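Labels below follow one simple rule: chain letters A, B, ... track the order of the sequence lines, proteins then strands, and each chain is numbered from 1. The model shown is predicted, which means the values in this text are computed figures rather than measured ones.
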Amino acid sequence: GAVVSQHPSWVICKSGTSVKIECRSLDFQATTMFWYRQFPKQSLMLMATSNEGSKATYEQGVEKDKFLINHASLTLSTLTVTSAHPEDSSFYICSARPGSGEGEQYFGPGTRLTVT
Amino acid sequence: QKEVEQDPGPLSVPEGAIVSLNCTYSNSAFQYFMWYRQYSRKGPELLMYTYSSGNKEDGRFTAQVDKSSKYISLFIRDSQPSDSATYLCAMRNQAGTALIFGKGTTLSVSS
């Protein structure tokens, strides 16, 4: 149990275009989902926290107009990278916390974004 | 001082060795402690989850939390080449929602 999926797993896009990444909790309901960014050989950097039905809370330094997050249901959150640029190329990982869980947090497999 | 400190390694051990991975932290309010394993280009996989102090064992893995010393450990017994990965400690307090991660320790187990 506790499976989180992400789609797509890998995407290449041209500079200036937008990319949407989906995060789904497959076998549990997630009232809270998180989006992280990870650069090679570095740890995860929290970008934002989203709660179902409300606006996401962004970490300091993360542009909310560039990284649009929507948590439309208890099993789906999306991250849209708008007007992507090469410096947005990174590994994006979502995670979800079960509604009943106080601490566990399960991660998706990640999405590798390359902006050319 | 960072909230969570973790030696990045790399740590190289022969197959069958006992591996000890550690993190220290500064925030005494942390209550939930987790260890994740991450293979290259994959998402982190939850290995162990501990609430407050104490030990927890699951197969070859043992997690220990010493809140008095603000120190957590993950032990891997009979290490295997398939254990080669980056191990991340993570923790959060009771009221907060975001996990605070260590930098991760890269482990290599040679056959």
same_hphob_cluster(Phe34(A), Ile93(A)) at 4.5 Å side-chain heavy-atom cutoff
yes
Same cluster or not: Val11(A) versus Tyr92(A), using hydrophobic residues (I, L, V, M, F, W, Y) connected whenever any side-chain heavy atoms lie under 4.5 Å apart?
yes
Above 12 or not: heavy atoms from other molecules or residues under 6.0 Å from NE2 of His85(A)?
yes
With a 6.0 Å cut-off (strictly less than), is the heavy-atom count around NZ of Lys20(A), excluding the residue itself, greater than 12?
no
Roughly how far apart are Tyr32(B) OH and Glu104(A) CD, rounded to 0.5 Å?
9.0 Å
Report whether Trp35(B) and Val109(B) are members of the same hydrophobic cluster (ILVMFWY, side-chain heavy atoms less than 4.5 Å apart, transitive linking).
yes
Kindly indicate whether the side chain of Leu99(B), heavy atoms from C-beta on, has any atom under 4.5 Å from the side chain of Tyr36(A).
yes
Select one option (side chain, backbone, both, neither) describing which atoms of Gln38(B) are under 4.5 Å from chain A's heavy atoms.
side chain
Counting heavy-atom pairs under 4.5 Å with chain A, which one of Lys103(B), Met91(B), Arg41(B) comes out on top?
Arg41(B)
Residue part contacting chain B, namely of Thr49(A), when any heavy atom lies under 4.5 Å
side chain
Here the gap from Gln38(A) atom CD to Leu88(B) atom CG, rounded to the nearest 0.5 Å, amounts to 7.0 Å
Side-chain heavy atoms nearer than 4.5 Å, only ILVMFWY residues, links allowed to pass through others: does that put Val65(B) and Val19(B) together?
yes
Does any heavy atom of chain B fall under 4.5 Å from the side chain of Glu59(A), the backbone, both, or neither of them?
neither
Which one of Ala90(B), Pro8(B), Gly43(B), Ser40(B) has the most heavy-atom pairs closer than 4.5 Å to chain A?
Gly43(B)
Exam field: side chain Ser43(A) to backbone Gly104(B), donor-acceptor pair closer than 3.5 Å
no
Shared ILVMFWY cluster between Met45(A) and Leu79(A), side chains joined below 4.5 angstrom?
yes
